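This report concerns only the one structure given below.
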Amino acid sequence: MKKIAVLIIIIAFALMSAYGQNDSAPIEPKCKLEVEDVKNDGGTKAEVYITPQNNPEEVDEYNLKIFSEFEGQKRKLKDIKIINNQKRIRIPVNTDNVNTNVIAEVYVQQEGQSVKINSASVKTKGAWFDIKLINSFVAAIFFISLIMYLVSRARKGGSLFVRKIPGLEEIDNAVGRATEMGKPVFYIPGLSTIRDVATIASLNILRSVGQKVAHYATPLKVLNRDPVVLGVAQEVVHEAYLSAGRPDLYNEDDVYFAAGSQFAFASVAQGAMVREKPGAVFLLGMFWAESLILAETANSVGAIQIAGTDATAQIPFFIASCDYTLIGEELYAASAYLSRAPKLLGTLKAQDYFKAVLLAVTILALITNLIGIDFIIDYILK
Amino acid sequence: MNFWKRRLPLALTVIYGLAGFAMQIIPALNGYRDIQNSWMPILFGFSIAIGVASLTKYHFTKMRRQPEERVYSIITFISLVVMAVAGLIGMSQDGGVFTKLFDNLFSYVYVPLQATIFSLLAFYITSAAYRAFKVSEWISTLLLVSGFIVMLGRVAFGPLMVFGKLSEWIMAVPTVAAMRGLLIGIGLGIMATAIKIILGIERSYLGGE
């Protein structure tokens, strides 16, 4: 009996001491919190990393609050419950402004209350050079230098050979044919906006076509889809008639807004072609699915067609249905080719030399790849 | 006149061209790029007025001078006015009669008309393909054979599956090679044109040499 009583007392003491130890060392919720500014960006991004440092039994979840502070205004961006799986978690943050303080705070629930256990912050900064664009930057500088050199060489009278482009050689014939037949010339500068370089290239060609048309006193109709392009086209045609010495022939209504939507435009152009039966149709610029509708309608009315686009998906359609097609880069070469201005021809030669450099690098990469040296091709494909 | 029509647009082109280049390579200027991009819808909003004015003027002139084509211009003008009125009044009366009129005109007139014009493409593809294939040159024969293989490859089954593999090869190797060649040329052409415009070498778009 005495032994049993002693045993009970020992167990009771052991239990009490264990309970006492729990009381004396309460769990301290901990986590590692890192806030980093994203490098190489515009200065509006940051990343928050949280790594729980308690067992899930001790702290099952953390509450992460992310704020942005700009010009004294603090705004909550995120309020996230982080389930404790003891792994480092990344949370991307986007702010509206550059140089914004991104503040992260971590809270846990203790005795029914939310208690802040950690906080960190960083100020977002915009990078002054996007290092990912270094290749493009170096290539652009090299290309600009090449252009400047060849333009200055052309200005000094150096001869620059430019290969024949049949589509551009035929512009005179197309306008002449329309004149002989007593029919108008139709010109469509693509369906894109003025932001598209193909549209600008097309407007450059429009000037040459306008001068030729004015010279022969043939009616010219320019159908536009974009109102801004319309304004520029009107000005270009007007100037072309002026420079040809026939401003009296210019009629503003001949350069008009056909329709704003893609297939409505196609339908207006189709209708105009069928009714007016043009002798020559120029489809130069950016085209989409309507390219074949326009080209085939022009073909059906017996017009000579000269097309050109940089939309690779539409080039086969133009080749199939038009008499002459300017393929891709030929559209951009047209202005220099038609004007024969030395400074413009210089840029054309720069394109050719740059292409030769690219071709040489590609061949070098292929050869080195064949003999087991991969770093050049890896760098190109990266 | 020369200042407003030549020098100012050229100066603005040079400034915004260089700024655009800088904004591409300097991420810190992204905010300015966003501001610049947000100007585009404003400009487009104003440009719509130019488009509508041109359309109206063109069709009024046509109604006066070309009586045989008057009917098309009348239809265009009525469509323009009805859609504009229904859209503008409908904006302020959500669920009202004008909203329904606009929605119905859009869904049951405008969309089917667009689809009709688009569907014409099927017939035009056939006629263009016929002309492309019938040209008696070896290159058009090559085009015909590869076109035949690709078309057959798309619907191949059983023993004809060999055309499927051949079709995949044609699309993945020679076609891609040609396309990439074109794209390199186009990329350089775009760059050269942009540089010509930024540096003021190319001025045809302003009406000058």
Side-chain angles (χ1 to χ4, degrees), chain A residues 40-43 98 126-130 133 137 140 143-144 147 151 197 200-201 203-204 207 227-228 230-232 235-236 238-239 253 256-257 260-261 263-264 266-267 271 275 289 292-293 296 310 312 315 317 320-321 327-329 331-333 335 339 341 343-344 347 350-351 354-355 358, chain B residues 5 21 24-31 33 40 43-44 47-55 57-58 61 69 72 110 113-118 120-121 123-125 127-129 131-132 179 182-186 188-197 199 201-202 204-209:
Chain A
N40 222 27
D41 78 325
V98 186
W128 282 99
F129 186 77
D130 188 349
L133 293 175
F137 181 70
F143 193 44
I144 291 169
I147 287 176
V151 166
V197 185
I200 299 175
L203 291 168
N204 291 338
R207 181 182 154 80
V228 179
L230 165 77
V232 180
E235 198 57 35
V236 166
H238 186 214
E239 290 289 330
D253 288 344
Y256 62 94
F257 177 79
S261 109
F263 291 108
S267 133
R275 286 192 300 275
L292 195 61
I293 297 174
E296 278 297 285
D310 64 352
T312 49
I315 290 171
F317 293 128
S321 57
I327 300 172
E329 60 183 323
L331 177 69
Y332 299 107
S335 163
S339 70
K343 54 186 181 177
L344 293 177
T347 62
Q351 266 173 265
F354 199 76
K355 233 184 308 175
L358 289 180
Chain B
K5 291 188 85 170
F21 183 66
Q24 284 296 323
I25 56 168
I26 303 172
L29 301 178
N30 280 358
R33 189 173 63 189
M40 288 308 289
L43 284 176
F44 183 74
S47 73
I48 285 176
I50 300 172
V52 171
S54 167
L55 192 82
K57 193 178 166 214
Y58 175 76
T61 312
E69 289 179 16
Y72 305 118
Y110 179 78
L113 281 173
Q114 292 258 34
T116 307
I117 300 294
F118 185 48
L120 291 175
L121 206 56
F123 302 101
Y124 287 134
I125 283 176
S127 63
R131 277 211 317 284
M179 285 292 181
L182 276 177
L183 286 172
I184 289 172
I186 290 167
L188 286 176
I190 290 175
M191 253 178 95
T193 309
I195 291 167
K196 276 189 282 184
I197 291 167
L199 299 179
I201 297 171
E202 175 73 81
S204 304
Y205 67 99
L206 291 174
E209 287 289 350

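Source: prediction; values computed, not measured. Residue numbers start from 1 in every chain, and the chains themselves are labelled A, B, ... in the order their sequence lines are given, proteins ahead of strands. Hydrogens, waters and symmetry mates are skipped; everything else that's a heavy atom, side chains included, is used.
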> Can you tell which of B/Leu121, B/Ile48, B/Leu43, B/Asn30 has the highest number of heavy-atom pairs within less than 4.5 Å of chain A?
Replying inline: B/Leu121
> Using non-hydrogen atoms only, which part of B/Leu182 is less than 4.5 Å away from chain A: side chain, backbone, both, or neither?
Replying inline: side chain
>> A side-chain contact here means heavy atoms from C-beta on lying under 4.5 Å apart; do B/Tyr110 and A/Ser261 qualify?
In response: yes
> Relative to chain A, which segment of B/Glu69 carries a heavy atom at a distance below 4.5 Å: side chain, backbone, both, or neither?
Replying inline: side chain
>> Can you confirm whether A/Phe263 sits close enough to B/Leu113 that some side-chain heavy atom of one is under 4.5 Å from a side-chain heavy atom of the other?
In response: no
> Of the listed residues (A/Ser335, A/Gly43, A/Ala264, A/Gly260), which shares the most heavy-atom pairs with chain B below a 4.5 Å separation?
Replying inline: A/Ser335
> Looking at B/Pro27 and A/Asp41, what are the two nearest heavy atoms and their distance?
Replying inline: CB-O, 3.0 Å
>> As an exercise, state the distance from CG of B/Leu188 to CD of A/Glu329, rounded to the nearest 0.5 Å.
In response: 7.5 Å
> Is chain A contacted by the side chain of B/Ile197, its backbone, both, or neither, given a heavy-atom distance below 4.5 Å?
Replying inline: side chain
>> If I compare all heavy atoms of B/Ala128 with all of A/Ser321, which pair ends up nearest, and what's the gap?
In response: CB-CB, 4.2 Å
>> Does any backbone or side-chain atom of A/Ala289 lie under 4.5 Å from a heavy atom of chain B? Answer side chain, backbone, both or neither.
In response: both
>> Taking side chain as everything from C-beta outward and backbone as N, CA, C, O, which of these in B/Thr61 sits under 4.5 Å from a heavy atom of chain A? Side chain, backbone, both or neither.
In response: side chain
>> With rounding to the nearest 0.5 angstrom, report the CD to CG distance, B/Glu202 to A/Leu344.
In response: 5.0 Å
> For the atom pair CD1 (B/Ile186) and CD1 (A/Ile315), what is the distance rounded to the nearest 0.5 Å?
Replying inline: 5.0 Å
> In Å and rounded to the nearest 0.5 Å, what is the CG to CD1 distance from A/Asp310 to B/Ile190?
Replying inline: 5.0 Å
> Which heavy-atom pair separates A/Glu296 from B/Tyr124 by the least distance, and what is that distance?
Replying inline: CB-CD2, 3.3 Å
> Is the shortest heavy-atom distance from the side chain of B/Ile195 to the side chain of A/Thr347 under 4.5 Å?
Replying inline: no
>> Restricting to side-chain hydrogen bond (donor to acceptor under 3.5 Å, both in side chains), what partner residues turn up for A/Thr312, sequence neighbours left out?
In response: none
>> Check this for me: A/Phe129, atom CZ, are more than 12 non-hydrogen atoms of other residues, nucleotides or ligands nearer than 6.0 Å?
In response: yes
> Can you tell me how far the CE atom of B/Met191 sits from the CD atom of A/Gln351, to the nearest 0.5 Å?
Replying inline: 10.0 Å
> Highest number of heavy-atom pairs under 4.5 Å with chain A: which of B/Met40, B/Met179, B/Arg33?
Replying inline: B/Met40
> Side chains of B/Phe44 and A/Val228: does their closest heavy-atom pair fall under 4.5 Å?
Replying inline: no
> What part of A/Leu133 gets closer than 4.5 Å to chain B, counting heavy atoms only: side chain, backbone, both or neither?
Replying inline: side chain
>> For a 4.5 angstrom cut-off between non-hydrogen side-chain atoms, does B/Leu199 reach A/Val151?
In response: no
>> Quick check for you: to the nearest 0.5 Å, what is the distance between A/Trp128 atom CH2 and B/Ile25 atom CD1?
In response: 11.5 Å
>> Heavy-atom cut-off 4.5 Å, strictly under: side chain, backbone, both or neither for A/Leu331 against chain B?
In response: neither
> Using 30° and 60° as the class limits, which term best fits the ring planes of B/Phe21 and A/Phe137: parallel, tilted or perpendicular?
Replying inline: parallel
> What are the two closest heavy atoms between A/Tyr332 and B/Lys196, and how far apart are they?
Replying inline: O-NZ, 3.7 Å
>> With a 4.5 angstrom heavy-atom cut-off, is it the side chain or the backbone of B/Leu55 that approaches chain A, or both, or neither?
In response: both
>> With a 4.5 angstrom heavy-atom cut-off, is it the side chain or the backbone of A/Ala341 that approaches chain B, or both, or neither?
In response: neither
> Do you know which of B/Leu120, B/Thr116, B/Thr193 has the most heavy-atom pairs under 4.5 Å to chain A?
Replying inline: B/Thr193
> Which answer fits A/Asn204, side chain, backbone, both or neither, if we ask what part of it has an atom under 4.5 Å from a heavy atom of chain B?
Replying inline: both
>> Need one label for A/Ala333: side chain, backbone, both or neither, based on atoms under 4.5 Å from any heavy atom in chain B.
In response: neither
> What residue in B/Gly31, B/Ser127, B/Ala194 has the most heavy-atom pairs under 4.5 Å with chain A?
Replying inline: B/Ser127
> Which atom names give the shortest non-hydrogen contact between A/Ala127 and B/Ile26, and what distance separates them?
Replying inline: O-CG2, 3.9 Å
